[in-house]
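Have a look at the structure below before the remarks.
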Amino acid sequence: MAKSNMPMISQLVKIRLVGKNYGSFAVGATIFKIEDYKQTEHGSAFSIWKHLIGSNDWEDFKNGKEGVSRYRNQNLPTESCQGLYELGVSVISQDQGRKIDPQNVLTAYLGQSERVRSRLQEYGRSGAHLPTRFFEDIFSKGGSILYRWAQMRNKRETQATEAKILWIYDYAWNTFCNGERRHLELVKKLGDGEFICHRKLSCEVDTQQFFRSRPQPYRF
(Lines give C-alpha, C1' and ligand atoms only; values in the text may rest on other atoms or scores of the structure.)
Protein backbone atom coordinates (compact mmCIF):
# COMPACT_ATOMS: atom_id res chain seq x y z
CA MET A 1 0.00 0.00 0.00
CA ALA A 2 1.20 3.53 -0.72
CA LYS A 3 1.88 5.42 2.48
CA SER A 4 0.13 8.70 3.29
CA ASN A 5 1.76 11.27 1.03
CA MET A 6 -0.29 14.38 1.70
CA PRO A 7 2.53 16.39 3.39
CA MET A 8 4.89 15.48 0.53
CA ILE A 9 2.45 16.54 -2.18
CA SER A 10 1.64 19.73 -0.29
CA GLN A 11 5.31 20.62 -0.15
CA LEU A 12 5.97 19.73 -3.77
CA VAL A 13 3.22 21.93 -5.17
CA LYS A 14 3.66 24.60 -2.45
CA ILE A 15 0.10 24.37 -1.08
CA ARG A 16 -1.04 26.32 1.96
CA LEU A 17 -4.26 24.89 3.29
CA VAL A 18 -6.23 27.63 5.01
CA GLY A 19 -9.93 28.16 5.63
CA LYS A 20 -12.64 25.55 5.42
CA ASN A 21 -14.75 26.19 2.31
CA TYR A 22 -13.47 24.51 -0.84
CA GLY A 23 -16.76 24.67 -2.70
CA SER A 24 -16.29 28.05 -4.37
CA PHE A 25 -13.36 28.88 -6.63
CA ALA A 26 -12.29 31.02 -9.57
CA VAL A 27 -10.71 29.08 -12.40
CA GLY A 28 -7.73 30.52 -14.23
CA ALA A 29 -6.28 29.21 -17.48
CA THR A 30 -4.14 26.10 -16.97
CA ILE A 31 -0.94 26.47 -18.97
CA PHE A 32 1.03 23.22 -18.86
CA LYS A 33 -0.22 20.16 -20.79
CA ILE A 34 0.92 17.38 -18.49
CA GLU A 35 1.45 14.79 -21.23
CA ASP A 36 4.11 17.04 -22.76
CA TYR A 37 6.46 16.21 -19.85
CA LYS A 38 8.06 12.95 -18.75
CA GLN A 39 7.80 13.83 -15.07
CA THR A 40 6.34 16.46 -12.74
CA GLU A 41 7.28 17.86 -9.36
CA HIS A 42 4.36 16.05 -7.66
CA GLY A 43 4.90 12.72 -9.46
CA SER A 44 7.40 11.41 -6.91
CA ALA A 45 4.64 11.39 -4.28
CA PHE A 46 2.69 8.77 -6.23
CA SER A 47 3.16 5.01 -6.47
CA ILE A 48 4.79 3.46 -9.52
CA TRP A 49 2.66 3.08 -12.65
CA LYS A 50 0.75 -0.22 -12.86
CA HIS A 51 -1.44 -1.85 -15.49
CA LEU A 52 -5.15 -1.27 -15.03
CA ILE A 53 -6.41 -2.48 -18.43
CA GLY A 54 -4.19 -4.11 -21.03
CA SER A 55 -4.62 -3.22 -24.68
CA ASN A 56 -6.48 -6.48 -25.41
CA ASP A 57 -8.13 -7.18 -22.05
CA TRP A 58 -11.63 -5.93 -22.85
CA GLU A 59 -11.71 -7.69 -26.23
CA ASP A 60 -10.28 -10.95 -24.88
CA PHE A 61 -12.74 -10.92 -21.99
CA LYS A 62 -15.64 -10.26 -24.38
CA ASN A 63 -14.53 -13.21 -26.51
CA GLY A 64 -14.35 -15.49 -23.49
CA LYS A 65 -10.61 -16.06 -23.61
CA GLU A 66 -9.62 -18.39 -20.80
CA GLY A 67 -7.93 -16.83 -17.79
CA VAL A 68 -8.57 -13.22 -18.89
CA SER A 69 -10.40 -10.67 -16.75
CA ARG A 70 -11.71 -7.30 -17.88
CA TYR A 71 -9.06 -5.47 -15.85
CA ARG A 72 -5.97 -6.28 -13.77
CA ASN A 73 -7.58 -6.74 -10.38
CA GLN A 74 -4.33 -8.14 -8.96
CA ASN A 75 -2.60 -4.80 -9.57
CA LEU A 76 -5.05 -2.70 -7.55
CA PRO A 77 -4.27 -1.26 -4.08
CA THR A 78 -4.90 -3.90 -1.43
CA GLU A 79 -7.26 -1.63 0.53
CA SER A 80 -9.76 1.00 -0.57
CA CYS A 81 -8.46 4.23 0.98
CA GLN A 82 -8.84 7.97 0.52
CA GLY A 83 -6.47 9.27 -2.12
CA LEU A 84 -5.52 10.85 -5.40
CA TYR A 85 -4.94 8.82 -8.55
CA GLU A 86 -3.76 9.42 -12.09
CA LEU A 87 -4.69 7.47 -15.21
CA GLY A 88 -2.07 7.22 -17.93
CA VAL A 89 -1.77 5.63 -21.36
CA SER A 90 1.18 3.91 -22.97
CA VAL A 91 2.04 1.50 -25.77
CA ILE A 92 3.98 -1.31 -24.11
CA SER A 93 5.69 -3.57 -26.61
CA GLN A 94 6.75 -7.20 -26.25
CA ASP A 95 10.32 -5.96 -26.69
CA GLN A 96 9.95 -4.24 -23.31
CA GLY A 97 8.85 -7.53 -21.76
CA ARG A 98 5.54 -5.79 -21.05
CA LYS A 99 7.35 -3.69 -18.44
CA ILE A 100 6.24 -0.11 -17.99
CA ASP A 101 8.76 2.63 -18.77
CA PRO A 102 7.41 5.61 -16.77
CA GLN A 103 9.00 8.05 -19.19
CA ASN A 104 6.83 6.64 -22.00
CA VAL A 105 3.57 7.13 -20.10
CA LEU A 106 1.26 9.97 -21.16
CA THR A 107 -0.65 11.09 -18.09
CA ALA A 108 -4.30 11.63 -19.02
CA TYR A 109 -6.45 12.09 -15.92
CA LEU A 110 -6.25 13.18 -12.28
CA GLY A 111 -8.97 12.20 -9.84
CA GLN A 112 -9.69 11.72 -6.17
CA SER A 113 -11.84 9.30 -4.25
CA GLU A 114 -12.66 8.22 -0.72
CA ARG A 115 -12.17 4.62 -1.94
CA VAL A 116 -9.48 4.57 -4.62
CA ARG A 117 -9.52 0.80 -5.14
CA SER A 118 -13.28 0.79 -5.77
CA ARG A 119 -12.97 3.75 -8.10
CA LEU A 120 -10.28 2.04 -10.15
CA GLN A 121 -12.48 -1.06 -10.40
CA GLU A 122 -15.20 1.11 -11.98
CA TYR A 123 -12.74 2.29 -14.63
CA GLY A 124 -11.68 -1.27 -15.26
CA ARG A 125 -15.23 -2.55 -15.73
CA SER A 126 -16.71 0.18 -17.92
CA GLY A 127 -14.58 3.33 -18.00
CA ALA A 128 -16.66 4.78 -15.12
CA HIS A 129 -17.66 8.40 -15.92
CA LEU A 130 -15.26 8.62 -18.87
CA PRO A 131 -16.69 7.76 -22.31
CA THR A 132 -16.01 4.12 -23.20
CA ARG A 133 -14.73 5.22 -26.60
CA PHE A 134 -11.81 7.01 -24.90
CA PHE A 135 -10.47 3.66 -23.70
CA GLU A 136 -11.34 1.91 -26.95
CA ASP A 137 -9.44 4.55 -28.95
CA ILE A 138 -6.38 3.93 -26.78
CA PHE A 139 -6.70 0.16 -27.27
CA SER A 140 -6.96 0.66 -31.05
CA LYS A 141 -3.49 2.22 -30.97
CA GLY A 142 -2.11 -0.75 -29.05
CA GLY A 143 -2.15 1.28 -25.84
CA SER A 144 -2.88 0.21 -22.27
CA ILE A 145 -4.58 2.10 -19.43
CA LEU A 146 -2.29 2.54 -16.43
CA TYR A 147 -2.72 4.06 -12.99
CA ARG A 148 -0.74 5.32 -10.04
CA TRP A 149 -1.99 6.71 -6.76
CA ALA A 150 -1.16 8.43 -3.47
CA GLN A 151 -2.96 7.78 -0.20
CA MET A 152 -4.23 10.93 1.56
CA ARG A 153 -5.31 11.86 5.06
CA ASN A 154 -8.79 13.28 4.53
CA LYS A 155 -11.26 14.46 1.91
CA ARG A 156 -10.68 18.18 2.46
CA GLU A 157 -6.95 17.98 1.80
CA THR A 158 -7.46 15.59 -1.09
CA GLN A 159 -9.87 17.92 -2.89
CA ALA A 160 -7.67 20.94 -2.28
CA THR A 161 -4.57 19.16 -3.59
CA GLU A 162 -6.40 17.92 -6.67
CA ALA A 163 -7.62 21.43 -7.48
CA LYS A 164 -4.18 22.97 -7.03
CA ILE A 165 -2.56 20.44 -9.37
CA LEU A 166 -5.30 20.94 -11.97
CA TRP A 167 -4.78 24.68 -11.63
CA ILE A 168 -1.23 24.22 -12.98
CA TYR A 169 -1.57 21.21 -15.28
CA ASP A 170 -3.98 20.49 -18.10
CA TYR A 171 -4.94 16.80 -18.16
CA ALA A 172 -6.46 15.72 -21.48
CA TRP A 173 -9.39 13.86 -19.88
CA ASN A 174 -10.18 16.34 -17.08
CA THR A 175 -12.70 19.13 -17.31
CA PHE A 176 -12.59 20.50 -13.75
CA CYS A 177 -10.19 23.49 -13.94
CA ASN A 178 -9.06 22.24 -17.37
CA GLY A 179 -11.84 23.20 -19.79
CA GLU A 180 -12.77 20.94 -22.70
CA ARG A 181 -11.28 17.46 -22.93
CA ARG A 182 -8.45 16.95 -25.43
CA HIS A 183 -8.97 13.26 -26.16
CA LEU A 184 -8.21 13.34 -29.88
CA GLU A 185 -5.00 15.25 -29.21
CA LEU A 186 -3.96 12.63 -26.64
CA VAL A 187 -4.65 9.76 -29.06
CA LYS A 188 -2.59 11.48 -31.75
CA LYS A 189 0.32 11.96 -29.35
CA LEU A 190 0.13 8.32 -28.22
CA GLY A 191 0.68 7.25 -31.82
CA ASP A 192 3.60 9.62 -32.32
CA GLY A 193 6.78 7.85 -31.21
CA GLU A 194 8.89 10.88 -32.07
CA PHE A 195 6.82 13.06 -29.74
CA ILE A 196 7.00 10.56 -26.87
CA CYS A 197 10.79 10.20 -27.14
CA HIS A 198 11.53 13.91 -27.37
CA ARG A 199 9.23 15.31 -24.70
CA LYS A 200 10.78 17.60 -22.11
CA LEU A 201 12.06 15.74 -19.07
CA SER A 202 10.21 17.91 -16.58
CA CYS A 203 8.12 21.03 -16.20
CA GLU A 204 10.15 23.44 -14.14
CA VAL A 205 7.42 25.40 -12.41
CA ASP A 206 8.25 28.05 -9.83
CA THR A 207 4.99 27.25 -8.08
CA GLN A 208 5.30 30.00 -5.47
CA GLN A 209 5.70 32.63 -8.16
CA PHE A 210 3.04 30.89 -10.26
CA PHE A 211 0.45 31.08 -7.50
CA ARG A 212 1.31 34.71 -6.71
CA SER A 213 0.89 35.72 -10.35
CA ARG A 214 -2.60 34.25 -10.74
CA PRO A 215 -5.95 34.83 -9.03
CA GLN A 216 -6.41 32.60 -6.00
CA PRO A 217 -8.48 29.52 -6.90
CA TYR A 218 -10.55 29.64 -3.73
CA ARG A 219 -12.57 32.20 -1.87
CA PHE A 220 -12.41 31.38 1.83
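- Remark: side-chain polar atoms of Ser47 are paired, donor with acceptor, to backbone N or O of Trp149 under 3.5 angstrom.
- Nearest heavy atom pair, residue Gly88 against residue Trp49, reads N-CZ3, 3.5 Å.
- Proximity of a side-chain donor or acceptor of Asp192 to a complementary backbone N or O of Glu194 within less than 3.5 Å is detected.
- Checking side-chain atoms of Tyr147 against main-chain N and O of Asn75 turns up a donor-acceptor pair under 3.5 Å.
- For Ala150 against Ala45, the heavy-atom pair with the smallest separation is CB-O, 3.5 Å.
- Between Val89 and Leu146 there is no side-chain heavy-atom pair separated by less than 4.5 Å.
- Lys38 places a side-chain N or O within 3.5 Å of a backbone atom of Cys197 that can act as its donor or acceptor partner.
- Between Val187 and Ile138 the shortest side-chain heavy-atom distance falls below 4.5 Å.
- Between Ile92 and His51 the shortest side-chain heavy-atom distance falls below 4.5 Å.
- Linking ILVMFWY residues whenever their side-chain heavy atoms come closer than 4.5 Å, directly or via other members, leaves Val68 and Trp58 in distinct clusters.
- Between Asp36 and Tyr169, the closest side-chain pair of non-hydrogen atoms is not below 4.5 Å.
- Under a 3.5 Å cut-off, the side chain of Arg199 and the backbone N or O of Gln103 do form a donor-acceptor pair.
- Side-chain atoms of Tyr171 and Glu86, non-hydrogen and from C-beta on, do get closer than 4.5 Å to each other.
- A single hydrophobic cluster is not seen to contain both Phe61 and Leu120; linkage of ILVMFWY side chains at heavy-atom distances under 4.5 Å, directly or through other members, places them apart.
- Taking CD1 of Ile100 as the start and CD1 of Ile48 as the end, the distance is 7.5 Å to the nearest 0.5 Å.
- In this structure, Ser144 contributes its side chain and Ser55 its backbone to a donor-acceptor pair below 3.5 Å.
- Once rounded to the nearest 0.5 Å, the distance linking CZ of Arg153 with OG1 of Thr161 reads 9.5 Å.
- One distance of note links NZ of Lys33 with CG of Leu186; it measures 11.0 Å at 0.5 Å rounding.
- Within the 3.5 Å criterion, the main-chain N or O of Arg156 finds a donor-acceptor partner in the side chain of Asn154.
- Side chains of Leu52 and Phe135 form no contact here, defined as non-hydrogen atoms less than 4.5 Å apart.
- Within the structure, every pair that satisfies the salt bridge (charged side-chain N to carboxylate O under 4.0 Å, His left out) test and touches residues 113-136, not counting sequence neighbours, is listed here: Glu114-Lys155, Arg119-Glu122.
- Residues Ala163 and Cys177 approach most closely at O-SG, 4.4 Å, considering heavy atoms.
- Here the CG-CG distance, from Asn104 to Leu190, works out to 10.5 Å after rounding to the nearest 0.5 Å.
- For the 3.5 Å distance criterion, the side chains of Thr158 and Gln112 fail to qualify, holding no donor opposite an acceptor.
- Checking each of Arg181, Arg182, His183 against Glu185 for a side-chain hydrogen bond (donor to acceptor under 3.5 Å, both in side chains) leaves exactly one that passes, namely Arg182.
- Taking 4.5 Å as the limit, every side-chain heavy atom of Trp173 sits out of range of all side-chain heavy atoms of Asn178.
- For the atom pair CG (Leu110) and CG (Leu166), the distance works out to 5.0 Å, reported to the nearest 0.5 Å.
- Sorted by first and then second residue, the ring-ring contact (aromatic ring centres under 6.0 Å, His included) pairs with a member in residues 62-93 read Tyr85-Tyr123; sequence neighbours excluded.
- Looking at Ile196 and Lys189, their side chains never come closer than 4.5 Å, going by heavy atoms from C-beta outward.
- Smallest separation of non-hydrogen atoms from Phe195 and Glu35: CZ-O, 3.7 Å.
- Atom CD of residue Gln74 and atom CG of residue Leu76 lie 8.0 Å apart, to the nearest 0.5 angstrom.
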